[in-house]
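Quick note: numbers below take in every heavy atom, side chains included, and nothing from hydrogens, waters or symmetry partners.
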Amino acid sequence: MFYRGCHLNKVRTIHRKMLLIYVWGIAVFCMLVVGKLAYLMIFKSEYYTEKALEVQERERKIKAPRGQILDRNGKVIASNKTVCTVSVIYNQVKNPEKVIDILSKELELDKDEVKKKVEKKSVREKVKSNIPKEVGDKIREYNLAGVKVDEDYKRYYPYESLASKVLGFTGADNQGIIGLEVQYEKYLKGVDGMIMTPTDSRGIEMKNALEQRKEPVSGNDLVTSIDVNIQQYAEQIAYNTMEAKQANYVSIIVMNPNNGEILAMVNAPEFDLNNPYTLNYEPDEKVSGKKKQDLLNKMWRNQCTNDTYEPGSTFKVVTATAALENNVVNLDTQFSCPGFRVVDDRKIRCHKTTGHGSEDFLHGTMNSCNPVFIDVGLKVGVEKFYEQMKKLGLMNKTGIDVPGEAGTIIHQIKNVGNVELATMSFGQSFQITPMQYLVAASAVINGGKLVTPHFAVKSVNSNGEVVEKFQYKEKKGVVSKQTSDTMKYVLEKVISEGTGSKGKVHGYKVGGKTATSQKLPRGSGKYIASFMGFAPADNPEVIAMAIIDEPKGIYYGGQVAAPVISRLYKNILPYLLEEKEQGE
């Protein structure tokens, strides 16, 4: 009996323990469930409310207007045009055949293509975007169930091809693709708005339900240094020159040498910004796919910043500056030109094969004499020559505010011998961009200040308030004032009495330098003619450059490029200098 009683007690104890474990288990489970519910209902309530609303609401974006791009005088050079996007909502279409017929007709689309979109079981299917507003309004008047017409914005360029390779263009979603459009995307792009339409569990819009609307915020405007008047006239001259000389392209840059503001940048032929995917010429054969994209990429290239070239004799400005800065010559230093110079085992000719005879450094520059500059370059030496190039920014990119800037292609200093230094002294055997050269030339004639070339001046909001005034790096003292004054005098003599005489402008003192660079391979008979000119020569307010690629017939820079800048200056100097006087 005693054993039996003990056994029963043990069983009861085990049952009590099991019951206790069971109760605690239920309690813990309930606590976990309550905790989870509390977590979901309190801490995650906002998240799940949002998810529930996503199921119960249909969202439609309202595109924000992109900021405008303006020239320095407030003229709009990039704006927006209202367009429409037509979409269909499968669950709401009541008469598919009618919808297909009307949309294919009004949107000028194939019926089968429209049918696929109308019958596609999706929440919202886009049929066509960027359609004219009048077409969108007409479709809206049909009052077709399940068809939505939303207004949108498409980039519009009122001057069509003006400064196309500088401004750039936008893509299907109004985002910048190239040029200033992509460089200043964060300023130009606005904040999209939203329309939220209540729907039932099947995704059908609820009748009489109020839509919620979040208004879009417009992008900020970009004010640039471009002057439409100067840009238009420079483009006109470029096209006339390109046609007359049957050149591949003509580039012109007009800049303020004292602060780097670019007034005009031409890359003829330009392209239509309102149709950027249409080639600006008729190809010899039908092209499509990758080949067409390659041709478009080439068409969009900005030759002033994206491409390098051998500068030729305009680079003698840099060699002369290095020589004066290092006191290896003065204007009276004597040289002799027999029509060539032998350097090591290489015979290098002057453009005047009979030679210039005895001449001083001033006249050697005025005559653009290669043997004189070979001697000068060798006197300066490799290290000091490279040091001066670096001071003038020629070993680095300029930092211009358009994408894709190319850099210098040059020998490593350890590989530069006498022959390499000799050819570099008159602008051969290395490559820079036209923009790099113009910045260096600006530092030579502005008193020794290295500026950053740029287009953007400030960003302003829709109320005209300045959001940001853009600042750019400057470096003073890269050339001494004495050397700068001497070079201005020398380069004015090049125009008044030397090889750049066709760069003269009646009533104004102009300084400058010509160049005729032979393209690789040597002996190909292909040349680049160029000219750099600044005015007024004693106190420069503007510097400009023209580059003509492979001119036919006469190809010398002094004959074909200098007149380009002369014609430009005859028209813009009165306008520019009068504008400055009025501003003062």
Flag if over 12 foreign heavy atoms under 6.0 Å of CD, E243:
no
NZ of K552: more than 12 outside heavy atoms within 6.0 angstrom?
yes
State whether the number of non-hydrogen atoms from other residues, nucleotides or ligands found under 6.0 Å of E215 atom CD is greater than 12.
yes
Is K75 salt-bridged to D227, going by a charged N under 4.0 Å from an acidic O?
no
Test ring pair (Phe, Tyr, Trp, His ring centres under 6.0 Å) applied to Y277 - qualifying residues, sequence neighbours left out:
F169, W300
Below 4.5 Å, heavy atoms only, C-beta onward: do V99 and V147 meet side chain to side chain?
yes
Using the test ring pair (Phe, Tyr, Trp, His ring centres under 6.0 Å), find all partners of F470 that sit at least two apart in sequence or belong to another chain.
Y184, Y187
Which heavy atom of P311 sits nearest a heavy atom of F430, and at what distance?
CG-CZ, 3.8 Å
Minimal non-hydrogen separation, K458 against V466, with atom names
CD-CG2, 4.2 Å
Ring pair (Phe, Tyr, Trp, His ring centres under 6.0 Å) filter on Y527, not counting sequence neighbours, yields Y555
Suppose we screen for salt bridge (charged side-chain N to carboxylate O under 4.0 Å, His left out). Which residues come up paired with K519, at least two apart in sequence or across chains?
D549, E550
Could you point out which residue of R140, R124, K126 forms a salt bridge (charged side-chain N to carboxylate O under 4.0 Å, His left out) with D150?
R124
Suppose we screen for side-chain contact (heavy atoms from CB on, under 4.5 Å). Which residues come up paired with L109, at least two apart in sequence or across chains?
L107, E113, V114, V127, K128
Shortest non-hydrogen contact from N302 toward V166
ND2-CG2, 4.0 Å
Quick check: closest heavy atoms across N258 and K449, and the distance to 0.1 Å?
O-NZ, 2.9 Å
Using side chain to side chain donor-acceptor pair (under 3.5 Å) as the criterion, point out the one residue from T408, T305, T308, N396 that pairs with Q436.
T408
Pairing of R155 and E181 as salt bridge, 4.0 angstrom limit:
yes
With the threshold set at 4.0 Å, does a side-chain nitrogen-carboxylate oxygen contact exist between E125 and K120?
yes
side-chain contact (heavy atoms from CB on, under 4.5 Å) partners for V191, two or more places apart:
V217
